[in-house]
Peer 1: 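Before anything else, here's the structure in question.
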Amino acid sequence: MTRILLIPGLICDGHVWQGCLAALAGHDVAVADLGVATDITAMAEQLLATHAGDLIVVGHSMGGRVAMEMARIAPTRLRGLALLNTGMAPLKAGELPKREAMIAFAHEQGMAALADHWLPGMMAAGIPPDPEVMAGLRAMVCRMTPNQHERHIRALIARPDASLWIGAWQGPLLLMTGRQDIWSPIAQHEEIAALCPHARLEIIEEAGHFAPVEQPAAVGALISAWVRETATHAQEEFQ
């Protein structure tokens, strides 16, 4: 059975995917552990080594960067690629000092302060956040450490330019983002879709950068339906 590998993003863990798991019942599903790797390529190589066989890879935010790198390294092992709330571009002008400031903030103020500073901008713009959703995300961030945060930020700073090769991906590609995601907006996903012949773009209403947590039922249903379609197409090609 092809494994569905769910990859969380920056200072995230399985909480991001918890609300989507019911929709994937009956499948071989695993949530990735990014470990202590310090760059995107090493994270991708680690996951390919840890999870044997064919994979359908679903990445959120930084996890989408890792998923794309897995597809670059081992395209024949991936039966499908889903990218949520992410992007393909390398480090942008003016981004480095902002990233460095966030690293310093976490070390100086702690993870609880970082959660309070960072999370509100990740929610659906213009929509009051659900207190329960915020509490769950805050608890997740507080499970991380400033050193983990720095490792992830450093990996993002040195991230590969996936735009150089993503157009070569010939397999099924699901792109998804929140209508109100100001961090990874719709246009960013449209740019990826324009390069990939088999891309499908889905917009999640009333969701920001944490669409799988803000609207888990909608995200889970879309992933589940896409996985079924991907499996059917793969079977037809085999026959």
Side-chain angles (χ1 to χ4, degrees), residues 7-17 32-44 46 59-69 83-131 133-164 177-189 191-192 207-214:
I7 310 178
L10 172 68
I11 52 171
C12 293
D13 59 21
H15 175 73
V16 168
W17 301 111
D33 180 357
L34 297 178
V36 296
T38 56
D39 64 75
I40 299 296
T41 299
M43 291 174 183
Q46 170 193 305
H60 173 255
S61 191
M62 187 185 75
R65 304 277 186 173
V66 177
M68 283 186 279
E69 189 69 353
L83 307 174
L84 285 67
N85 305 92
T86 193
M88 62 179 176
L91 193 72
K92 300 174 184 177
E95 183 180 343
L96 180 58
K98 295 177 183 178
R99 296 285 192 185
E100 294 284 3
M102 290 298 287
I103 290 172
F105 186 95
H107 281 292
E108 294 167 6
Q109 304 294 326
M111 297 306 289
L114 179 71
D116 294 338
H117 176 70
W118 178 62
L119 286 174
M122 299 293 106
M123 300 295 101
I127 300 175
D130 183 319
V133 168
M134 291 296 288
L137 289 171
R138 189 178 190 277
M140 177 187 72
V141 172
C142 288
R143 286 193 290 274
M144 306 299 162
T145 69
N147 286 338
Q148 287 175 304
H149 174 254
E150 180 170 2
R151 280 200 302 271
H152 286 183
I153 292 290
R154 298 287 179 203
L156 284 171
I157 288 172
R159 63 186 182 264
D161 183 355
S163 68
L164 298 176
T177 193
R179 174 76 67 185
Q180 292 79 24
D181 185 351
I182 60 175
W183 192 257
S184 297
I186 295 171
Q188 202 159 276
H189 297 76
E191 291 172 357
I192 301 174
H209 193 66
F210 275 99
V213 183
E214 295 170 271

Peer 1: What residues form a salt bridge (charged side-chain N to carboxylate O under 4.0 Å, His left out) with E69, not counting sequence neighbours?
Peer 2: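 Only R72 meet the salt bridge (charged side-chain N to carboxylate O under 4.0 Å, His left out) criterion with E69.
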
Peer 1: Should P90 and L164 count as side-chain neighbours, where that means a heavy-atom distance under 4.5 Å?
Peer 2: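 No, their side chains stay 4.5 Å or more apart.
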
Peer 1: Can you name the closest pair of heavy atoms from I192 and M88 and give their distance?
Peer 2: CG1-SD, 3.7 Å

Peer 1: Kindly write out the residues that satisfy side chain to side chain contact (heavy atoms under 4.5 Å, CB included) with T38, not counting sequence neighbours, or none if the list is empty.
Peer 2: R151

Peer 1: Which pair of non-hydrogen atoms, one from Q46 and one from A37, has the smallest distance, and what is that distance?
Peer 2: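 Closest pair (atom of Q46, atom of A37, distance): OE1-CB, 4.0 Å.
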
Peer 1: Which value, rounded to the nearest 0.5 Å, describes the distance between Q148 atom CD and C12 atom SG?
Peer 2: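 Answer for the CD-SG pair, Q148 versus C12, is 11.5 Å.
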
Peer 1: Provide the closest heavy-atom pair for A155 versus I40 in the form atom of the first, atom of the second, distance.
Peer 2: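 Shortest heavy-atom separation between A155 and I40 comes out as O-CG1, 3.6 Å.
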
Peer 1: How many angstroms lie between CG in L84 and NE2 in H60, if you round to the nearest 0.5 Å?
Peer 2: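 Atom-to-atom, L84:CG and H60:NE2 are 6.5 Å apart.
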
Peer 1: Partners of D39 by side chain to side chain contact (heavy atoms under 4.5 Å, CB included), sequence neighbours excluded?
Peer 2: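 Only T41, A42 meet the side chain to side chain contact (heavy atoms under 4.5 Å, CB included) criterion with D39.
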
Peer 1: Quick check: do I11 and M62 have side-chain heavy atoms less than 4.5 Å from each other?
Peer 2: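 Side-chain contact under 4.5 Å: no.
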
Peer 1: Under 4.5 Å between any side-chain heavy atoms of D130 and E214, yes or no?
Peer 2: no

Peer 1: Identify, with sequence neighbours excluded, every residue that meets side-chain hydrogen bond (donor to acceptor under 3.5 Å, both in side chains) alongside D161.
Peer 2: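 D161: side-chain hydrogen bond (donor to acceptor under 3.5 Å, both in side chains) contacts with S163.
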
Peer 1: Excluding sequence neighbours, so at least two apart, what forms side-chain hydrogen bond (donor to acceptor under 3.5 Å, both in side chains) with T86?
Peer 2: none

Peer 1: For E150 and T145, run side-chain contact (heavy atoms from CB on, under 4.5 Å): C-alpha distance rounded to whole Å, both residues' side-chain angles, the deciding distance at 0.1 Å, then the answer.
Peer 2: CA-CA 9 Å; E150 180 170 2; T145 69; over 6 Å; no

Peer 1: What donor-acceptor contacts under 3.5 angstrom involve side-chain atoms of residues 93-103, with partners at least two apart or in another chain?
Peer 2:
residue : atom : partner : partner atom : Å
E95     : OE1  : K92     : N            : 3.0
E95     : OE1  : R159    : NH2          : 2.9
E95     : OE2  : R99     : NE           : 3.0
E95     : OE2  : R99     : NH2          : 3.1
E95     : OE2  : R159    : NH1          : 2.9
E95     : OE2  : R159    : NH2          : 3.4
E100    : OE1  : R154    : NH1          : 3.2
E100    : OE1  : R154    : NH2          : 3.3
E100    : OE2  : R154    : NH1          : 2.7

Peer 1: Mind listing the side-chain donor-acceptor pairs of residues 109-128 below 3.5 Å, one per line with the distance, residues two or more places apart or on another chain?
Peer 2:
residue : atom : partner : partner atom : Å
D116    : OD1  : R138    : NE           : 2.7
D116    : OD2  : R138    : NH2          : 3.2

Peer 1: So which atom in R179 and which in I186 form the shortest heavy-atom distance, rounded to 0.1 Å?
Peer 2: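 Minimum heavy-atom separation between R179 and I186: NH1-CD1, 3.8 Å.
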
Peer 1: Are the side chain of S61 and the backbone N or O of H209 linked by a donor-acceptor pair below 3.5 Å?
Peer 2: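 No; judged by distance alone, with no hydrogens or angles, the pair does not exist.
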
Peer 1: Taking all non-hydrogen atoms of both residues into account, name the closest pair between R65 and A89 and its distance.
Peer 2: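 Minimum heavy-atom separation between R65 and A89: NH1-O, 2.6 Å.
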
Peer 1: Quick check: do M140 and V16 have side-chain heavy atoms less than 4.5 Å from each other?
Peer 2: yes

Peer 1: With sequence neighbours excluded, tell me which residues meet side-chain hydrogen bond (donor to acceptor under 3.5 Å, both in side chains) with H152.
Peer 2: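 Applying side-chain hydrogen bond (donor to acceptor under 3.5 Å, both in side chains) to H152 gives none.
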
Peer 1: Closest approach of A106 and H149, non-hydrogen atoms and distance?
Peer 2: CB-ND1, 3.5 Å

Peer 1: Identify, with sequence neighbours excluded, every residue that meets side chain to side chain contact (heavy atoms under 4.5 Å, CB included) alongside A32.
Peer 2: L5, I7, P8, L47

Peer 1: Among residues at least two apart in sequence or on other chains, which ones pass side chain to side chain contact (heavy atoms under 4.5 Å, CB included) with D33?
Peer 2: none

